[in-house]
Structures are given as C-alpha cells and as structure tokens.
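In what follows, every chain begins at residue 1, and chains take the letters A, B, ... in the order their sequences are listed.
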Amino acid sequence: MPTSARDVHHLMRRAGFGATAAEVAALVPFERAAIVDRLLDVSAAPADAPPPAFSDPALGNWQRYVALVQQWTDRMATSPAPLQEKMTLFWHGHFTSSREKCAIEDLQRQIARYRSLALGNLRTLAQAMAIEPAMLDYLDNAVSTRWGPNLNFARELLELFLLGVGNYSEDDVAAAARAWTGHTIDRTARRYRFRADWHDNTNKTFMGVTRNWDGPQIIDFLLDDSSTRLIVARFIAGKLWDFFAGPVPAPDAVEAVAQSLLSSGWELRPAVRTLLLRNEFYGDAARAGLVRTPVEFAVAAMRATGFDAATAHPEWYLAGMGQELLNPPDVSGWRPNSYWITTTAAAAKTNFASYVGWRQRELRQPFVPGGRSVVPAAVVSGALARAGIDEPSTASRAALVRWLEQNRAARWDDWAEDQYLAVLVFLTPEFQLA
Amino acid sequence: MLPADIDTDDALRHLSVVDDTFGPIGRRRLLQGLGAGLGGVALASLLPGPLGASLAAAAEVEAAAASSDGILVVVTLNGGNDGLNTVVPYTSGPYRDLRSSLALGADRVLRLDGAVGLHPNLTFLAQEWAAGRLAVVEGLGYPAPDLSHFSSMGIWMQGWGGTGTAGSGWLGRYLDGLDGGLLRAMVIGGTIPLAYVGRNRRATAISPNAGDLAVQDSPVRARVHDAIRALAATPTGRGAWADALARTDVDLLDVGRTVAPSFRPALPADRVERDFVLAGRLLNAGLGIRVLGVSIGDFDSHAGQPAMHDTRMRQLDTGLRSLFATLTPAVAAQVTVMTVSEFGRTPRANTSQGTDHGTASCAFVLGASVTGGRYGSPPSLTTLNRGQLVHTVDFRSLYATVLAGVLGADPDAVLGRRYEPLTGLLVTRSNQRAEPAQPVVVERPRTAGFVPISPERRLDTRDGTGDVPVAPIGPGATVELVVAGRGSVPPTGATAVALNVTVTGPSAAGYLTVWPTGEARPTASSLNFVPGQTVPNHVVAKLGAGGALSFFNSAGATHVVADVVGYFADDVAIGLVPLTPNRLLDTRDSASPIGPQATVQLPVTGRGGVPAEGVAAVVLNLTVTEPTAPGFFTVWPSGTPRPLASSLNFVAGETVPNLVVAKVGADGAVSIFNSNGRAHVVADVVGFYGPREQRADAVRAVALSPARVLDTRSTAPIGPGATLRLPMLERGGVPASGVRGVSLNVTVTEPTAGGYLTVWPSGTARPLASNLNFRPGQTTPNHVVAKLGPDGAVAIFNSAGTTHVVVDVVGFFAADAA
C-alpha cells in the first residue's frame, strides 16, 4: 500500500538530504519497504575521484581543502544515492580524522574508502579504516613501534570505535597497541606499509586471550568473540540509531538493528534497512527529536536554492556553525542536538542564509518566480515547499507572510524580499530540524 | 594524539569551542595529553531540558548563592609569559647570570620594593602598586609541570584538583552553579576557551567585529528581526528541540541588541585597546556580567624575546589602563582583574635571544578590593629542577582566592578539592542572598478613598528628581522622598500613595523596601531584582513623617524611579471594586504592535465589568510582550498631556507584567505610550475605582501584616495547564466573611518553561487574562488584586511547564460598611 507523503518526507530527510514535493509525490505510490530498498540501492552513485584542484601544483592545502569540501557538499546535494552520502557522513563522524593532522589527499582517499564501504560489511570497513594513512597519522599508529608503542589508536579503537567505555581494561589497550605496532605508512608512496621490524612479534594478552596478536586480529576478535560481538553490535546499532532517528530512547529498535548485524555477519545494508523500517523511526519522538547538523543544514539550503557549493560557499560558514568538515573538534566527532544550539551557531546560520539570499537576489533566482505579482501567501508557500518543508506550522507560515506583507508595504524596501526570505525560511524551526 | 608540542594558536584552537552558551559538551578527549588512566568523564545529559536563558545548575557544583557584586576580569596571556622579566628580581646575581643579555637591569625596572621591580613598560601597573591596588603573585605553578602549550594550557584552564580529567573549565564550572542568563560570563573574541566552558553552560563570545545580521540598524532588518521573534513567539508544536532552536535565534538577537550599544562610538583601532575598551563598555552596560575574559597573545618568546616581550608588556599595560579608563567609578569599584598564563619560561636564556617553555610564573591581581602587595614567594634561582624554576604556590590557590573573594562561590566545589587561598589578597565580600519575596507593608487607613492622578514622576536617582543625590542607592542605603505637597498630592490629608516603582541597572541581586519615613524599617520587600534587570512594581505605601517615604536598597547599587499614580485620603468617597479579570486589549490579535513614540487609546469604561460612568480610575494588569527594543510604557488619562512617567519598563524580547492604576480620561479612555521599538501590549482590567456611595459592590481596603498563604516549594509545583485552588478566608488575617477580594503579592520561581499565571475567582470560568508572565528560570513577582469566588477562594492557573508559586496576602477588600 502507498506510503504517506509525511512518512516519505521524513524518510528522505533522514536517509538523505530532503526531497521536494514532486520527488515525494513520485515515491508515495510505493510501499515503505520498496522506498527504503530504492534508497539502499546506490548503484547510480557517480564515480569517486579527487577534485580537479588536487592536480594543480599551484594550489596549496587550504585551497585543496576548500575544493574537497565543495565537492563533497555538492555530491551530498545532488547524488542520486543520497543514503550513501549520509552513511559516508556517518562514518566520517565515527571513524574520525582531521585535516589538522592529516594530509588532505589522505583524507580524500579515506572518505572515498568510507563511501565505497559505507553500506557494505562492517568488518571490511573497520579493517580498511585501520590501515588508511589518514587514520594511521591521526591516531599516531604510524609512529607506534614495538619499543615505544603508541596507545592512541588502540584506545580509540576500543573506546570510541567499536566497544565503548567500560568494556575493556587498560591492559587490553596496551596489548592492542602492541598488536598494532608496525602498521605504518610508506611516506614516499603515501600508502599503508607494514614494517615487521617495528612490529611486536611476541605474545600479548588481550581480553584474557594470550597469543601473538596482530592488529587486524584484534578487530576480528571483537567482531567474532561471544564476549564482545554483542557489545559491538549494540554499540554500532546505537550510533546508527542516534544518527538517523535522533538520541531518542528505543531499545527494541536498537536491539533489532544489532541483531541484524550479528545474524548477517556484519552487513550494514540489512541493518540500515531494519532501522529505516522500524515503526519507532516514524514515531513522533523520532520526528521531533533530531536537530539538523550544520552540514545537513547547508546542503539542504543548497538544494532549496539550486546553488552549488561554489555559489553558496558553505565552507565559509560551517566552522562557525560548529561543524567543520574534515575537522571534528576531537576524535569523538560531533554530538547531536544541543551541541548545535548556540547563539554563535545561530549567527553563522543567519549569515550563511543571508549570503545565500544575497546570491538569489544577485542572480535573479528567487524561490518563487514572478516577483511582486505573486501574493505573499503564495510566495511563502512556494518558498517553504522549495525548502522541503512539508508541514509548516501555522505560526511559521503566518510569521513569514506577515513579514512579507509588511515589507511590501514599506516604500523602497521591497528589494529586501529577495534578500531575506531565505533567511527566514532557513531559520524556521521546521527547516532546522532534521 | 597531538604532537608533543604545538604552537600557541593551534593549542588555543584545540582548547576552544566556536560556539557558546548552551548545550552540554563533552570535551574529555580534548585533554588526552594530561595523563594516563582516562576513564572518560561521563557526558552530561543530552536531554532537551529547559534551554532558556538560565540552565539548571550542574549537580556537582552547588555554588553558594552568588549574589556578591564582584566582577572578575580574567586577562589570559597566551603562550607562556616570561614571569622573570615581568616581575624582575633586579638585585639578584643569579638572575643576571642566567639571563645574560636578556636581564633587565636595576636602572630599567619600575621598583616595587628592594627586591623586585616591574618591567619598564608596566607604568599603569606601577601606579596601581603605588595606590595599593596591585597584588603581585609570584611562583605560581603546579606539581609535575607539563611543558606542552596544549597540555599546560589545558591544566590551567581546567583548574581541576579532583580525580580524573574535568573536561570543563574552572570558570565554566562556576557558571554551572550560577543562575541568570546568557550574559553572566563573556569572552571577547570569536571562540570560547575551555576555561569558560562548564558542564552545562559556557560563556557567551562577543566578537569585537560586530556587524552582521544580528545588528539592527534599519527598518528592513527590524522587520526581519520581528519575524524571527514571531517564529519563536508561540511554542512551535514541533517539540522541545524546535522550540529551543527558535528560542536561540531570538537570543541571538537579544544578545546582539544588548551588546550593540557597547560598540558605539567606534572602538579603537589597536586590537588590544579595542578588546579592553569593549570589555569596559560591556561591564558599564550593567548587563549582569560576573566574569569577563580578554586575551593577549602570543607570549611564546622562543627567539627575539626583548622586542617581543617589550611589546607584550606595553600591550598588557595599555590594555589594563584602557579598561580602567573606560569603567565608570561605580563599576570599577566592583571589578577585580587577574592575569593568567599557562606557564613561565626557562630561567636560562637560550641561544636565540629567547627563552623556552618554563614553569613557575607570576600573576597580577588588581582592583578596588585588592590589598596591594606581594603574595606567594619568588621561586629560587639557585635551586632549579632540571633547569626549571620550582613553583611555590599552586595556581589553583589563586583561583580559590578569586572564586571566593570576588565571585562569592564555593572554591572547593569548583576546583574539586581544597586549595589554600592567598589570605589577605582580597577584601572579603559578604555573600548576600536575595531575600525571598515578601510583600509590601501597607497600611491603608480603614476608610480611605482613592484619588487617581495622571502619573507624576517624583523620584529618579539618575537625575536627582525628588531632591535626592544623583547616584544609585548603594547597598544598605536609604533615600527619603517627600511626597505630600508635591504635584497633585495635597500637603495634608493624604494618608498613603500608590506608586509605580522601577529599579534599573541594579548591580547585585537584592530587594527594595518602601515604607513610611520615621518608622522602623520592616523586613519586607516591595520589589525584588537581580543584576542588570529593570523591574517595575506597583506599590502602595502609607506616608510617614513629613509626608515622606523611605526607599531602602538591600544590595549592590541601583537606580530607582518612582511615579505617583494616586493617593489615599480619608475624605474621599472613591473606593475600589475588584473584578474578574477581563481582557480589554491585545495588540497581537490585529498584529499591530505599538510603534516607537506611538500611543494607542484604550477605552475602558463600559467594558469588561467597568461601568460606563462614574469611574475615576481602572486597575489594569498590563503586559508588554515581544518588545523589539528596551523602553517603557506610560499610561495616563486620555485627552491630557503625556506625563514623564513610566508604568512599565522592559528590555528587548522581554515579557513583563505590571499592575497599573490609571486615572481615566474624560472620554472614558486611557492612553498607552510606547517609548522605543515596537511592542505588543496586553491589558486586562482587574478592578476600578468609583464613587463609593453609588456602588453596592464597592469595598474598602484593609491592610494586613503580610502573611504567606501559599508556597508550593514545600508541596509540589503547579504543572502545565493545571489550576490550584487557594482558599483565602480565615487565613493570614483575612476574616471569615464579608470579603470581596484580596490583595496579593504573587511570585513564580523556578518555572521550567515560559508561560503565564491567571488568578481569578474560584468556581467561575477562567478568563483569558494573565496576571503574571514569566520566562524559564526567571523569578517574577507581581502584585495581584483578585476578587474572591463564591467559595471564598481564588484559583491560580499555570499555562506552561511546571513552576513554583509563592503567594503572600497583604490586604483584603471588605464590603463597604459606610
């Protein structure tokens, strides 16, 4: 049976970056499961390549960074496989690295790796993540040797990436660190390299098991051993739930996702499918429970206006909003909801929206063509629809209509209509919610 | 993990958040470098709690009632200031040997005493030393010092002595335990250093480069701001997060508007002066700031130290001089400045004419409350620890000193354990808790009638109106105001007056008491306030000796304005008739707020229970809402010249109720004038004054000793949409029968959401009216005149969230026996 437009909107906002009324209408006739399957089919995703700027030797690190951020936000806004981009964003915030310590080229390769494995197998993804040069640099495993093991990667692998706090001991961290020694980078070729002479080739005791542990075996153990696999499954399932549904308590849903991971041998696609088909995901708490991250906010604004990143310049404002792509505040990534709700972030959003509005005016690309010949109520309806807001509240609609009427009534000020409509649309609570 | 040492800017960036104000944060990973065994600090709850202007205090930090009026300005010297060349041991041989060409000679330093002198560029500080206001603290450091900018800066910013890592800053934890809004702690700059980030709250960052959309400078922007406010005016219906987002956008405008005046006239061009002058102006604005942070950098003088350090010292000195030159004397009296730096520098100069990261360093503390002198002790220059100075005082002792001495906080709770404060450095401030709201002491003569007048300003401490000094009323001080024989109040025959009293710019939390001159001052409050608030309240007070009233202020310093709106006299046959509240005006219905300098006419006779004729005055509960600028309302009889008086004061975005007694014009209307911006006004009529002998339902007012009849803090708060029935007969001095209405002081406290209370006769339909409006976390009083229901009770309805309510009865209206 068909899916309600309301549910389609919600699904497209969470599993992607929103949808227009027309896109939603096209999906309504389908069953919910069929729509989710369409989202999970990422075969139409475009090829992944470094931005052209990377090949220009005259461009420095900052320009390459800008190029990468613009390329990624453009991809998020336009990809026919938005769920793949959302999952890439998820892994980027989970298996974190930062441009403060990593080469931009390494980060691009890391993100491409996450993208290709985003809906694949978690084991494959985790193993690949561990030996990406960006991660080896970020968490210092590249300089970890058997005579001076660096605990950083091992600690984060256990604490933040797979197990969670309290499920291991300091000895386990030390043992895992020794296991991972020697997994480093060939700096000339800028790729992963294993140095046996750096590697601790002796017995270590990890989680009560004594053997000559090597790094990758640590990951396999966590995913295979009965003492840890359920913990890992619930940990990852919980993170996915928080990311898609919001930090909304739903133990049964999380458990279902965890069980899917276990029973499928750590396949992410069926786990995400389970999540996106849970009733709790479509409940009121989940609908109201997640604030749009700055990246989602910026991408949604780009979709609403049709502007690419080179026009909208999200990279100028994302840091101010609190989420600088490729540069999380620390290795634990970003946190949902209240983390984004601050006056400085509001200022950055306002300034970004104001800039986008200015570009709309400059390029004569308003939300609703027709200018003053269109009555305010219709302009507002049109703008809200362009912004992918399917159920604007009476208060928001009324506030915008009243503003537009007053603005038109003022002499000489109707230019402000094009400039500031975007600001008000993007500041509505409906637009700021995920 | 970051490299063992990164430069100052990078360290700062890692130790700062780009955002501000609310939101629990988890910065535990940030301080990874600080030691082993990080179990991870539990992240604060991420539940959407009351995200209003004042968040609930963290459970761990229960600061003592922080109502001392001290203001702490923290000047951070980033990069590791060279203490040895700031406070110079100019007679020391080892100093000259270690420092060789970097040593400052006895002829260059500004001598403090026979042993130490200041860097030659610190001339302002030398003056402060001579005036006895400069404390020099030497040997500050901590055990097992870390020489990485990142790590040491983190340690200084955390200021934590408890177990594990705090993941928060010492000033942030202080802030967690403080009530009040967004402006309690401010930093100048675009980011907030970890020192100012607590578990639930953080300082607000004010960038010196203001000039974005949050600044309102045109009608175009004003309309956009109005629309942004409209988006938040009612609950969105989309849940708590949506409401919080909407609220934050409005807070942005409020903060912007509040601080915008501090940017005019233009700030100095020099970056350091600019920051310090801005800091001074923000403090002068009386915004209720308790902590303000300014930074100077970079002090990391690995090479070429003489020129660099000379410049830094000059910048520090100029900055402090500019700050004190900007502060008004009243504010300067409250301010204590302290400098911090994350470590000192090596005693031995290196081969690049510089010094490297060191350990023990010095700090300055200056201000009116400081007892000048040297504190701590200079580190030994002969006994070094692997070439580094050994500290003599833990820097957290300095923190403890200012936490207790300036901020009135509990240092042990903030710092995680006890650190010995530096005794004698600060004059101890007495901690004062705001008295719980107690009602007005009123003695209205039993048969007095009321003569309303067009409001007349009789007292204004800002300009000396009332023959009072042109100065705020100080803590514990009293001002006397002669009322009889001035303006429309007759020289004899007036027994009491009705006033609108407003406090503005209070520097501390406290209360005002108005009582008859010559009588013992009662323990009661006419009005409560917290720093920076402008609070109006309707007050009725019996006149004392010489027809005068006394005004007492309990804490801090505050300006007081009083407008007389009527007087009581024995020979007057005008009495009060209380009514069930009835809404007469709500400009939100027609979406036309009152514009700046505009007036609306409000017909009051023949409506809402007010008769068409014979009405002398109406009693209104007037509420301003969504004002776009700070201002006031004046209510006066229609058809007469507008008086200089205020019936209600507000700041931008505030919802403020006040009881207003307004004489009615000849045409049966009152005029309402709005001074600034655009504001919506809601007027509910709750009673009127008319000729007693013509009204069967006229009453006479009987005053009571104030008595508390309700305090939900000892039972349970009132929930959203809930109504509480409050029996009034035979309680607090109200008799068992013959009572038509009561006079109450109603206070909400600890409301979890923004909303309003309605008080009306129990057993009758609840009117659409509000007697009191409040914002989350805001303690709000209002005087309420309420008719009793047939069951001898009043009903109290709470519109949103849960809130505690305290009710004191101060009088009742008995059926007139005349």
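At a threshold of 4.5 Å between non-hydrogen side-chain atoms, the residues A:W403 and B:D226 do not count as touching. The shortest side-chain heavy-atom distance between A:L290 and B:W241 does not fall under the 4.5 Å cut-off. Side-chain atoms of B:L231 and A:E430, non-hydrogen and from C-beta on, never get closer than 4.5 Å to each other. Looking at heavy atoms from C-beta onward, A:Y420 lies in side-chain contact with B:R221 at the 4.5 angstrom threshold.
For chain B, the option among A:E391, A:E324, A:R402 with the highest count of heavy-atom pairs below 4.5 Å is A:E391. The candidate from A:G246, A:A285, A:G289, A:A395 with the greatest count of non-hydrogen atom pairs under 4.5 Å with chain B is A:G289. Most heavy-atom pairs under 4.5 Å with chain A: of the set B:G239, B:A230, B:A227, this distinction falls to B:A227.
For the atom pair OG1 (A:T428) and CD1 (B:I228), the distance works out to 11.0 Å, reported to the nearest 0.5 Å. Annotation: the span from A:T350 atom OG1 to B:H225 atom NE2 amounts to 8.5 Å, rounded to 0.5 Å.
Contacts of A:L151 with chain B are absent, with no heavy-atom separation under 4.5 Å from either backbone or side chain. Contact annotation for A:Q419: neither backbone nor side-chain heavy atoms come within less than 4.5 Å of a heavy atom of chain B.
Every pair passing salt bridge (charged side-chain N to carboxylate O under 4.0 Å, His left out) that includes a residue from residues 227-240 of chain B is listed here, sequence neighbours excluded: B:R229-B:D254.
Here the closest heavy-atom approach between residue B:A246 and residue A:P429 is recorded as CB-CG, 3.8 Å.
Of the N and O atoms on the side chains of B:D249 and A:Q432, at least one donor lies less than 3.5 Å from an acceptor on the other residue.
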